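A short write-up of the structure that comes next.
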Amino acid sequence: MGNTHYATPAAGAPLRLRISFTRALYADTYGGLRLAVVHAGRGDIDAVELSFVDHGTFHRRDEARNTLVDSNQYGTFNTYRRAGKPPWEGAETTGLRDAIEQYTAVWFPGAWATPAPRRITGLTAHKAPAQLATRSGGRGR
């Protein structure tokens with residue numbers, strides 16, 4: 001729904017996870033994500049804001065563009081973008097993903113458990129033939 005994402009990490013549970021962008025100082029400019037745990041009947045239970053600056057989301061992009069750390073553009077993105085490109089182009093999301101997983105692990109334990117790696121059909125391991133045992137106790141000619 002617009003700039004907000006809703007998730008139900010635990011099927012059948014009354015708790016939902018809502019993720020939305022946090023606004024920066026200027027219109028149509030975003031500086032992070034807001035995570036909220038929402039109860040179906042009681043509303044917001046807990047919330048946290050994760051800033052892009054704190055999680056290094058746009059550090060590489062801003063460094064490549066020589067964006068100053070104390071400028072309004074550093075660590076943010078806005079809705080104005082190049083045609084065919086997402087507004088968050090250049091984002092490195094590893095830090096944010098880790099923070100989201102850590103936060104949701106408290107409220108939805110086991111919901112993001114990593115599945116076992118899938119086996120790829122056609123690629124199977126073959127047993128190598130065993131080396132023959134040789135006797136070396138006597139003299140050989």
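In this text, all values refer to a predicted model and were calculated from it rather than measured experimentally.
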State, to 0.1 Å, how close A7 and H5 come at their nearest heavy-atom pair, and which atoms those are. CB-NE2, 4.0 Å
Could you grab the distance from atom CD of E89 to atom CZ of F77, nearest 0.5 Å is fine? 12.5 Å
Share the residues that join V53 in a hydrophobic cluster, the rule being Ile, Leu, Val, Met, Phe, Trp or Tyr side chains under 4.5 Å apart at the heavy-atom level. V69, Y74
Set of residues satisfying side-chain contact (heavy atoms from CB on, under 4.5 Å) with respect to L68, sequence neighbours excluded: D70, S71
Rounded to the nearest 0.5 Å, what separates atom OH in Y6 from atom CZ in R18? 5.0 Å
Is H55 reaching over with its side chain to a backbone N or O of T57, donor-acceptor style, under 3.5 angstrom? no
Carefully, step by step, assess V37 and D44 under the rule side chain to side chain contact (heavy atoms under 4.5 Å, CB included). CA-CA 6 Å; V37 176; D44 285 8; over 6 Å; no
Mind checking the CZ-CZ spacing from F52 to R61? Nearest 0.5 Å is all I need. 9.5 Å
About how many Å separate CD of E101 and CG of L96, when rounded to the nearest 0.5 Å? 11.5 Å
Quick one: list whatever passes side-chain contact (heavy atoms from CB on, under 4.5 Å) with A47, sequence neighbours left out. R34, A36
Heavy-atom donor-acceptor pair, D62 side chain to G75 backbone, under 3.5 Å: yes
Would Y30 and T22 satisfy side chain to side chain contact (heavy atoms under 4.5 Å, CB included), going step by step from the backbone distance to the final call? CA-CA 6 Å; Y30 302 98; T22 59; 5.8 Å; no
Quick check: is I19 connected to Y103 through a chain of hydrophobic side chains (ILVMFWY, heavy atoms under 4.5 Å apart)? yes
Please examine the side chains of W107 and L15, heavy atoms only from C-beta on, and report whether any two atoms are closer than 4.5 Å. yes
Strictly distance-based, threshold 3.5 Å: is any side-chain N or O of S51 a donor or acceptor partner for the main-chain N or O of D54? yes
Heavy atoms from other residues, nucleotides or ligands near CZ of R97 exceed 12 (cutoff 6.0 Å): yes
Shared hydrophobic cluster for V106 and L33 (ILVMFWY, side-chain gaps under 4.5 Å): yes
How long is the straight-line distance from OH of Y26 back to OG1 of T76, given to the nearest 0.5 Å? 10.0 Å
Would you mind reporting whether I45 and V38 have side-chain heavy atoms less than 4.5 Å apart? no
Between atom OG1 of T104 and atom CD of Q102, what is the distance when rounded to the nearest 0.5 Å? 9.5 Å
Report the C-alpha distance between I100 and L35 in whole Å, list the side-chain angles of each, state the deciding distance to 0.1 Å, and finish with yes or no for side chain to side chain contact (heavy atoms under 4.5 Å, CB included). CA-CA 8 Å; I100 291 168; L35 280 62; 3.8 Å; yes
